[in-house]
Amino acid sequence: MRQAADWMVPSDDRILELVREHGNLTPTAIDDLGGPTSGHARNRCPVLAEYGLLERISRGLYGITEEGEAYLNEELDASELEGLPDGS
């Protein structure tokens with residue numbers, strides 16, 4: 001079972017799964033592929049990047065990290081992740 005952190009919301013798993021399956025995605029593409037709405041994904045992707053599960057490739061484009069893969073593979077407890085100190 002995946003070990004989510006208190007800061008995570010249920011849609012985070014779907015966002016991570018779609019980025020893993022399809023490669024680098026924008027929030028609009030996440031919405032188009034059946035994920036949460038683009039507005040919601042636009043809010044969540046930066047949070048997932050702050051904690052290291054996604055990486056910001058360029059403005060509005062995100063890719064999955066090794067930590068994101070490990071979380072999806074049930075090899076990482078997301079509650080052990082710390083956000084970036086500068087909040088970016």
Side-chain angles (χ1 to χ4, degrees):
M1 175 182 263
R2 291 179 185 152
Q3 298 296 312
D6 291 343
W7 54 265
M8 294 180 81
V9 298
S11 61
D12 289 349
D13 280 20
R14 184 68 180 138
I15 291 169
L16 292 167
E17 290 164 355
L18 286 168
V19 176
R20 175 170 67 175
E21 182 179 345
H22 297 280
N24 301 340
L25 295 175
T26 64
T28 300
I30 290 168
D31 185 355
D32 291 346
L33 291 166
T37 65
S38 59
H40 183 73
R42 195 171 292 112
N43 290 330
R44 295 306 302 165
C45 286
V47 175
L48 293 168
E50 178 182 343
Y51 283 92
L53 297 174
L54 290 179
E55 65 177 326
R56 183 176 178 259
I57 305 298
S58 65
R59 185 172 179 232
L61 182 65
Y62 294 89
I64 197 154
T65 63
E66 289 182 15
E67 290 83 2
E69 291 273 2
Y71 168 74
L72 290 177
N73 294 334
E74 301 177 9
E75 299 166 352
L76 174 78
D77 181 344
S79 66
E80 296 175 359
L81 297 171
E82 294 184 20
L84 299 174
D86 64 359
S88 62

- prompt: Going from CG on N24 to CG on L61, what distance comes out if it is rounded to the nearest 0.5 angstrom?
  reply: 5.0 Å

Shortest non-hydrogen separation from W7 to L48 and the atoms involved: CZ3-CD2, 3.9 Å

- prompt: Within the side chain of N43, is there an N or O that forms a donor-acceptor pair under 3.5 Å with the backbone of H40?
  reply: no

field: Any donor-acceptor N/O pair, D31 side chain to S38 backbone, under 3.5 Å
entry: yes

- line: In short, P27 meets G60 closest at the heavy-atom pair CD-O, 3.3 Å

task: Would you please test V9 and V47 for side chain to side chain contact (heavy atoms under 4.5 Å, CB included) and show each step?
output: CA-CA 11 Å; V9 298; V47 175; over 6 Å; no

- prompt: Looking only at heavy atoms, what is the nearest atom pair of R44 and S11, with distance?
  reply: CG-OG, 4.4 Å

field: Distance (rounded to the nearest 0.5 Å) between L53 CG and M8 CE
entry: 5.5 Å

- request: Look up atom CZ in R42 and atom OG1 in T37, then write down how far apart they are to the nearest 0.5 Å.
  value: 8.5 Å

statement: One should read off an interatomic distance between E21 CD and I64 CD1, to the nearest 0.5 angstrom, of 11.0 Å

query: Should E66 and R20 count as an ion pair when the cut-off is N to O under 4.0 Å?
result: no

Closest non-hydrogen atom pair between V19 and L54, with its separation: CG1-CD2, 4.0 Å

field: Check: L72 main-chain N/O paired with R2 side-chain donor or acceptor under 3.5 Å
entry: yes

query: More than 12 foreign heavy atoms under 6.0 Å from CD of Q3: is that the case here?
result: yes

Residues in side-chain contact (heavy atoms from CB on, under 4.5 Å) contact with D6, at least two apart in sequence or another chain: none

- prompt: So which heavy atom on C45 is nearest to which on I15, and how close?
  reply: SG-CG2, 4.0 Å

- request: First locate atom CD of E75, then atom CD of E67, and finally report the distance between them rounded to the nearest 0.5 Å.
  value: 12.0 Å

query: Considering all heavy atoms of both residues, which atom of Y51 and which atom of L81 are nearest to each other, and what is their separation?
result: O-CD1, 3.5 Å

query: Side chain of T65, backbone of G68: donor and acceptor closer than 3.5 Å?
result: yes

Y71 and D77: side chain donor to acceptor below 3.5 Å: no

